[in-house]
Amino acid sequence: KKKKKKIKKKIVFIIILNISKMENDHYFNTGDAGASDTIPIQAGSCKKGSFVVLKGNPCKVIEITTSKTGKHGHAKANITGIDIFTGKKYQDISPTSHNMMQPIVAKKDYQLIQIEEDGFLSLMDEDGTIREDLCLDIPNDEIHVKIKEDFEANKELILTVLKCMQKEKVMSSKEMS
């Protein structure tokens, strides 16, 4: 019986010790800053050259026409845009007073350091931070073919990366001066 009591006391003591240790541990949930990928914009205020989400895709507006108010009282905006990543054309019609979503588009320049055999890039920004998470799409993108050819010709390149709605793509290159 004495052994059982000692064992029980030890177990209780260990449990209390562990609980007191846990009280000092801090657990934090991590996440992003909560910033949105899009902002609302009235369909009537879209202009040629601006960005808008059409059929769920970030597009650059290439044409916009508005119709007069009709029988039901709303003027309509007919918006045509080109997907900024794929180049595919999309069209949407919306009342000019209704909100559409405008994507937040960010461009950033990187120096090309290396192209791996699998097409992944080693890029360095102006702060010296290296990233290796972007890949060239050689079979489907002529710009990416040109980047690879220029790099193999030992040209020092600056690549422009476009980021929008959780997607990123190398959009252009220029030779360092």
Side-chain angles (χ1 to χ4, degrees), residues 27-67 69 74-116 118-148 150-151 156-177:
Y27 297 100
F28 296 100
N29 290 329
T30 58
D32 61 7
S36 177
D37 293 331
T38 58
I39 56 172
I41 182 174
Q42 269 197 337
S45 65
C46 290
K47 303 285 181 227
K48 187 176 179 179
S50 65
F51 296 104
V52 69
V53 177
L54 299 175
K55 313 256 190 237
N57 301 293
C59 297
K60 186 170 190 174
V61 176
I62 57 169
E63 183 182 356
I64 183 163
T65 56
T66 53
S67 64
T69 56
H74 286 289
K76 302 271 195 249
N78 186 348
I79 302 168
T80 306
I82 304 256
D83 187 309
I84 58 177
F85 293 116
T86 64
K88 190 174 176 185
K89 191 184 235 183
Y90 291 97
Q91 188 171 13
D92 200 3
I93 298 172
S94 177
T96 55
S97 60
H98 288 194
N99 280 347
M100 299 184 78
M101 297 313 287
Q102 182 177 37
I104 297 171
V105 179
K107 286 183 182 180
K108 189 165 182 179
D109 289 338
Y110 294 91
Q111 181 180 351
L112 178 60
I113 298 171
Q114 180 67 36
I115 300 176
E116 301 297 330
D118 58 2
F120 277 89
L121 305 172
S122 291
L123 303 171
M124 182 172 65
D125 68 5
E126 57 206 24
D127 298 330
T129 305
I130 305 286
R131 67 179 293 183
E132 297 174 327
D133 59 342
L134 288 175
C135 188
L136 291 180
D137 187 14
I138 301 291
N140 302 317
D141 198 320
E142 294 172 19
I143 294 170
H144 292 186
V145 172
K146 175 95 170 84
I147 289 169
K148 185 164 182 160
D150 287 349
F151 183 76
E156 291 188 17
L157 300 174
I158 298 290
L159 305 184
T160 301
V161 176
L162 196 67
K163 181 178 181 177
C164 179
M165 295 176 65
Q166 320 246 315
K167 294 181 190 174
E168 286 184 290
K169 183 178 178 186
V170 176
M171 299 304 287
S172 64
S173 71
K174 60 185 173 189
E175 213 172 328
M176 283 181 71
S177 50

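The shown structure was predicted, so the numbers you read here are calculated from the model rather than taken from an experiment.
The NZ atom of K148 sits 14.5 Å away from the OG atom of S173 when rounded to the nearest 0.5 Å. In this structure, the separation between CD on E175 and CG on L157 is 6.5 Å, given to the nearest 0.5 Å. Between atom OG1 of residue T160 and atom CG of residue D109 there is a gap of 4.0 Å, rounded to the nearest 0.5 Å. Atom OG of S172 sits about 7.0 Å away from atom NZ of K107, to the nearest 0.5 Å. To the nearest 0.5 Å, atom CD1 of residue I113 and atom CD1 of residue I130 are 3.5 Å apart. Summarising the geometry, atom CG belonging to L134 is positioned 9.0 Å from atom CG belonging to L159; distances are rounded to the nearest 0.5 Å.
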May I have the list of side-chain donor-acceptor pairs in residues 135-145 shorter than 3.5 Å, sequence neighbours left out?
residue: D137; atom: OD1; partner: N140; partner atom: ND2; Å: 3.2
residue: D137; atom: OD2; partner: N140; partner atom: ND2; Å: 3.4
residue: D141; atom: OD1; partner: I143; partner atom: N; Å: 3.0
residue: D141; atom: OD2; partner: K169; partner atom: NZ; Å: 3.0
residue: H144; atom: ND1; partner: D137; partner atom: N; Å: 2.8
residue: H144; atom: NE2; partner: V170; partner atom: O; Å: 2.9

What pairs of donor and acceptor atoms, side-chain ones from residues 50-57 against any protein atom, are under 3.5 angstrom apart with sequence neighbours left out?
residue: S50; atom: OG; partner: K47; partner atom: N; Å: 3.3
residue: S50; atom: OG; partner: K47; partner atom: O; Å: 2.6
residue: K55; atom: NZ; partner: Q91; partner atom: O; Å: 3.3
residue: N57; atom: ND2; partner: K55; partner atom: O; Å: 3.2
residue: N57; atom: ND2; partner: Y90; partner atom: OH; Å: 3.1

Indicate every side-chain donor-acceptor pair of residues 79-87 with a distance under 3.5 Å to a residue at least two apart or in another chain.
residue: D83; atom: OD1; partner: F85; partner atom: N; Å: 2.7
residue: D83; atom: OD1; partner: T86; partner atom: N; Å: 3.2
residue: T86; atom: OG1; partner: K88; partner atom: N; Å: 3.3

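By the 4.5 Å heavy-atom criterion applied to side chains, H98 and M100 are not counted as neighbours. Taking 4.5 Å as the limit, every side-chain heavy atom of F120 sits out of range of all side-chain heavy atoms of Q114.
With sequence neighbours excluded, no residue forms a salt bridge (Lys or Arg N to Asp or Glu O under 4.0 Å) with E156. Applying the salt bridge (Lys or Arg N to Asp or Glu O under 4.0 Å) criterion to K146, with sequence neighbours excluded, gives D150.
Among residue pairs with one or both ends in residues 121-132, those qualifying as side chain to side chain donor-acceptor pair (under 3.5 Å) are K108-D125, Y110-R131, S122-E132, R131-D133, R131-E168; sequence neighbours excluded.
Without hydrogens or angle criteria, T96 side chain to A77 main chain gives no donor-acceptor distance under 3.5 Å.
Shortest non-hydrogen contact noted between M165 and P103 is SD-CB, 4.0 Å. Between M101 and T38, the shortest heavy-atom contact is CE-OG1, 3.0 Å.
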